[in-house]
Amino acid sequence: MAQPFVLPDFYVPYPARLNPHVEEARTHTKEWARRMGMLEGSGIWEEHDLDSHDYALLCSYTHPDCDAEALSLVTDWYVWVFFFDDHFLDVFKRTQDRAGGKAYLDRLPLFMPLDPATPMPEPTNPVEAGLADLWMRTVPSMSPGWRSRFALATENLLNESMWELSNINEGRIANPVEYIEMRRKVGGAPWSAGLVEYAAGAEIPAQVAGSRPLRVLTDAFSDAVHLRNDLFSYQREVEDEGENSNGVLVLEKFLGCTTQEAAEAVNDLLTSRLQQFENTALTEVPALCVEKGLGPEECAAVALYTKGLQDWQSGGHEWHLRSSRYMNEGVETGNSWTDGVLGTSALDIRTLFGRPAAARLRSFTHVPHQRVGPSLLPDFDMPFELSLSPHHQEALARSVDWARRMGMLEDLWDEEMLVGFDFALCSAGLDPDATPEELELSAEWLTWGTYGDDYYPQVFGRTRNLVGAKEATERLKACMSVEDPGSGAALAVGPMERSLADLWARTAEPMDAAARAELRCAMDTMLDSWMWELHNQAQHRIPDPVDYLEMRRHTFGSELTMLLCRLRHSNDLGPEIYRSGTVRSLESSAADYGMLINDLFSYQKEIEVEGEVHNGVLVVQNFFDCDYPTGVAIIDDLMKGRMRQFLHVKEHELPLLYEDLEVDEAGRAALESYVRELEDWMVAILNWHRKIRRYGAQDVHRGSGTPLVRSLAQGLPYGPTGMGTSAARVPAPLAP
């Protein structure tokens with residue numbers, strides 16, 4: 001059968017190396033698979049299937065430095081996971097047996113107890129038998145923290161197979177953002193990252209395991225692994241198995257292009273994710289180790305983990321070139337590091353220049369302040385009706401008065417600007433049933449968040465003062481005590497801190513400790529995301545598209561405002577509801593729709609006036625190397641896809657969630673109320689952008705006469721003047 005496209009030139013900057021224990025792993029894993037019942041009689045594999053797939057070769061390439069015992073165990077894990085994939089396909093996907101698939105998956109976590117002393121049920125099939133054996137051989141040498149993370153990654157890998165099964169049942173192809181998010185779980189690369197820790201003997205220190213830099217390393221690694229696999233497996237998955245969860249197919253349908261063009265676009269995204277990995281490893285991870293005070297052994301573990309992920313990328317690529325499981329005809333393979341001979345397949349000069357180099361160059365060489373004219377706006381598809389609170393004008397007057405009292409109209413904004421921004425109008429749509437007091441508080445939160453979003457780039461971004469920004473961020477966090485919400489006022493210095501301390505006390509004091517902690521976490525996430533923007537601004541780097549979309553949800557404050565809605569229903573719904581993939585899918589699709597509205601309206605303000613690099617349209621222009629109107633059209637298509645996803649989840653996946661989690665009538669009513677609030681959230685944001693004076697061509701240059709901007713233009717020091725605030729006072733550069 002002819003290949004459906006020519007494989008592109010891959011970016012593989014590191015040579016693949018082969019573990020010398022490969023033959024020992026081959027012999028061991030065949031005996032193990034037969035003992036677990038995966039070969040003769042399984043109905044899934046025969047011996048020649050296992051031989052031709054050669055998972056020992058995969059693991060020897062992806063884990064080149066571990067000893068024979070570790071390599072054999074890791075190889076057994078991969079045999080198990082690929083057998084599971086083929087077993088689930090044959091038994092449940094081909095027959096479209098959703099009920100049977102769910103019952104099958106629900107049993108598997110029983111074979112991964114965090115305490116190895118916990119008894120397991122008797123295995124009933126090779127997948128259960130293999131998992132029980134592997135778990136007991138692996139976890140004794142790993143910490144409880146690793147066990148918990150790896151068990152969760154394994155459950156995600158297993159359970160998200162139901163998402164693929166549902167999409168096959170409905171004949172539905174995901175949009176690109178949804179696909180990337182779900183592929184991480186069902187594709188198994190986060191699971192592979194856990195095995196890297198085991199094989200490298202480099203368990204991630206607990207104090208950095210949940211940090212952004214380590215999370216991005218794992219996510220970028222995962223996306224690159226999956227996108228590479230999508231290119232090699234397109235023919236088998238799409239043409240033979242009838243799968244519709246393949247990145248090439250997703251972009252082919254989304255972009256309306258040929259299969260070859262979609263393959264090139266997938267490869268460009270793969271390259272971008274690898275370059276994101278490199279940027280994070282070189283610029284964010286070392287700073288994290290210093291910030292957290294890691295010792296030499298802990299720093300070495302982080303470095304070994306990073307190197308292990310890097311080895312996996314090159315080794316996985318080499319295996320795809322050689323395995324009979326994938327489409328790889330006509331692709332040259334080089335020799336790996338075996339018998340002392342250095343291979344050349346990963347050193348093809350095309351992987352270092354050409355498209356990968358051009359993409360990297362574009363991301364660092366954007367010319368700021370280009371004249372772009374008024375923002376181009378599509379016809380927004382908004383299926384929801386707008387409702388407005390009758391207390392809008394009262395909340396506007398009170399919130400402007402509050403901002404004046406807090407000192408927020410003395411530097412960055414003036415009163416005319418703030419009235420024109422009319423954050424109370426947004427609040428009136430977000431929560432049309434709010435009391436006057438609730439609406440005022442909502443408008444003041446929006447005022448504070450937008451003030452900070454303007455303040456950080458002006459004061460710290462233009463001057464590249466990351467140290468001052470970090471000091472300011474830590475002081476803001478200090479104003480939000482979970483134990484004593486009213487204590488922040490005594491610590492506040494300057495308008496931002498004073499206003500945040502006031503908002504925190506009024507919002508958090510009526511809450512219980514768990515809700516306060518959740519709110520504090522959302523606030524910390526938003527503040528840290530502002531630091532991420534400054535980090536990119538200091539490099540003058542347009543973000544990678546996946547990293548941008550995921551971080552933009554934080555910088556836009558989506559999680560914070562949605563959380564304030566969600567907390568109303570916390571007594572009616574258990575945490576497992578909000579942790580479910582269904583609700584997270586609703587929230588992320590709504591968040592993306594809202595933030596991309598902002599990117600479309602704010603394009604002239606951010607690109608022409610402010611010289612920003614954080615705008616979804618610009619990110620798309622940079623990635624596809626296209627013009628402004630084309631970038632707007634792609635963003636419009638993405639927004640339509642996210643809206644279709646929201647409606648699809650609401651109509652088709654919520655009923656399944658109710659059934660799977662046995663949600664009672666009160667819980668269903670509470671969740672449906674929350675969904676309506678998400679609908680209010682989207683339509684209110686669109687209405688606000690259309691009505692206020694902030695992003696119009698006649699508004700974007702306002703504010704040039706405020707004290708802060710004058711001081712920046714004149715090169716004068718600006719910032720807080722209290723004791724201990726010198727790190728936040730920086731001489732501003734001359735305006736261009």
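Scope of the values below: all heavy atoms of this structure, side chains included, with no hydrogens, waters or symmetry mates.
- Taking each heavy atom of M406 and R498 in turn, the nearest pair found is O-NH2, 2.9 Å.
- Taking each heavy atom of A697 and P374 in turn, the nearest pair found is CB-CG, 3.9 Å.
- Between the side chains of Q276 and T280, at least one donor N or O lies within less than 3.5 Å of an accepting N or O.
- Listed for the S602 side chain is a donor-acceptor partner under 3.5 Å among the backbone atoms of N598.
- Side chain of H366 to main chain of I542: no donor-acceptor pair is present (N/O by atom type, distance under 3.5 Å, no hydrogens or angles).
- No side-chain heavy atom of T555 sits under 4.5 Å from any side-chain heavy atom of M526.
- The heavy-atom pair separating A492 from C479 by the smallest distance is CA-SG, 4.3 Å.
- Remark: the W688 side chain and the D422 side chain contain no N/O donor-acceptor pair separated by less than 3.5 Å.
- With ring centers used as reference points, Y695 lies under 6.0 Å from H689.
- Here the side chain of R516 pairs a donor or acceptor atom with the backbone of A508 at under 3.5 angstrom.
- Between G594 and I685, the closest heavy-atom pair is O-CG2, 3.9 Å.
- The heavy-atom pair separating G452 from M496 by the smallest distance is CA-CE, 3.6 Å.
- Between the side chains of Q458 and E610, no donor-acceptor pair of N or O atoms lies under 3.5 Å.
- Using a 4.5 Å cut-off on side-chain heavy atoms (C-beta onward), P205 and V302 make contact.
- Residue E385 qualifies as open at atom CD: its count of foreign heavy atoms under 6.0 Å is 12 or below.
- Of the listed residues (R404, R405, R398, R506), just one forms a salt bridge (Lys or Arg N to Asp or Glu O under 4.0 Å) with E444, and that residue is R506.
- Proximity of the aromatic rings of F423 and W445 is defined here by a centroid distance below 6.0 angstrom, and this criterion is not met.
- One finds the CG atom of L288 at 6.5 Å from the CG atom of L214 (value rounded to the nearest 0.5 Å).
- Considering only heavy atoms from C-beta on, M480 comes within 4.5 Å of L527 through its side chain.
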Note to self: Evaluate E679 against K650 for salt bridge (Lys or Arg N to Asp or Glu O under 4.0 Å), listing each step before the verdict.
What the structure shows: CA-CA 11 Å; E679 295 170 356; K650 174 185 172 182; 2.7 Å; yes
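- Not less than 6.0 angstrom separates the ring centroid of H535 from the ring centroid of W530.
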Next item on the list: Check the pair M643, S589 against side-chain contact (heavy atoms from CB on, under 4.5 Å), reporting the backbone distance first and the verdict last.
Entry: CA-CA 7 Å; M643 180 60 77; S589 53; over 6 Å; no
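- Side-chain N or O atoms of E471 include none that pairs as donor or acceptor with a backbone N or O of G468 at under 3.5 Å.
- S211 contributes no side-chain N or O that, together with a main-chain N or O of Q207, makes up a donor-acceptor pair within less than 3.5 Å.
- The closest side-chain donor-acceptor pair between S272 and D544 falls under 3.5 angstrom.
- If you look at Y548 and F623, their ring centroids are not closer than 6.0 Å.
- In this structure, R642 fails the cation-pi test against Y593, since its NZ or CZ atom is not both closer than 6.0 Å to the six-membered ring centre and inside 45 degrees of the ring normal.
- Of the possible donor and acceptor atoms, one in the side chain of S487 sits under 3.5 Å from a partner among the backbone N and O of D484.
- Put simply, the side chain of R462 never gets that close to the backbone of V459: no donor and acceptor are under 3.5 Å apart.
- Between W402 and M408, some side-chain heavy-atom pair lies under the 4.5 Å cut-off.
- Between S481 and W504, the shortest heavy-atom contact is O-NE1, 2.9 Å.
- In this structure, CE in M523 is found 11.0 Å from CG in L563, a value given to the nearest 0.5 Å.
- A donor-acceptor distance shorter than 3.5 angstrom exists from the side chain of N615 to the backbone of D599, with no hydrogens or angles considered.
- For the 3.5 Å distance criterion, the side chains of T525 and E559 fail to qualify, holding no donor opposite an acceptor.
- When side chains are defined from C-beta on, W681 does not count as touching R676, because their heavy atoms never get closer than 4.5 Å.
- Side chains of K477 and D524 form a contact here, defined as non-hydrogen atoms less than 4.5 Å apart.
- At a cut-off of 3.5 Å, with distance as the only test, a side-chain donor of T473 or Y456 sits close to an acceptor on the other residue.
- No side-chain donor-acceptor contact under 3.5 Å links H392 to the backbone of A428.
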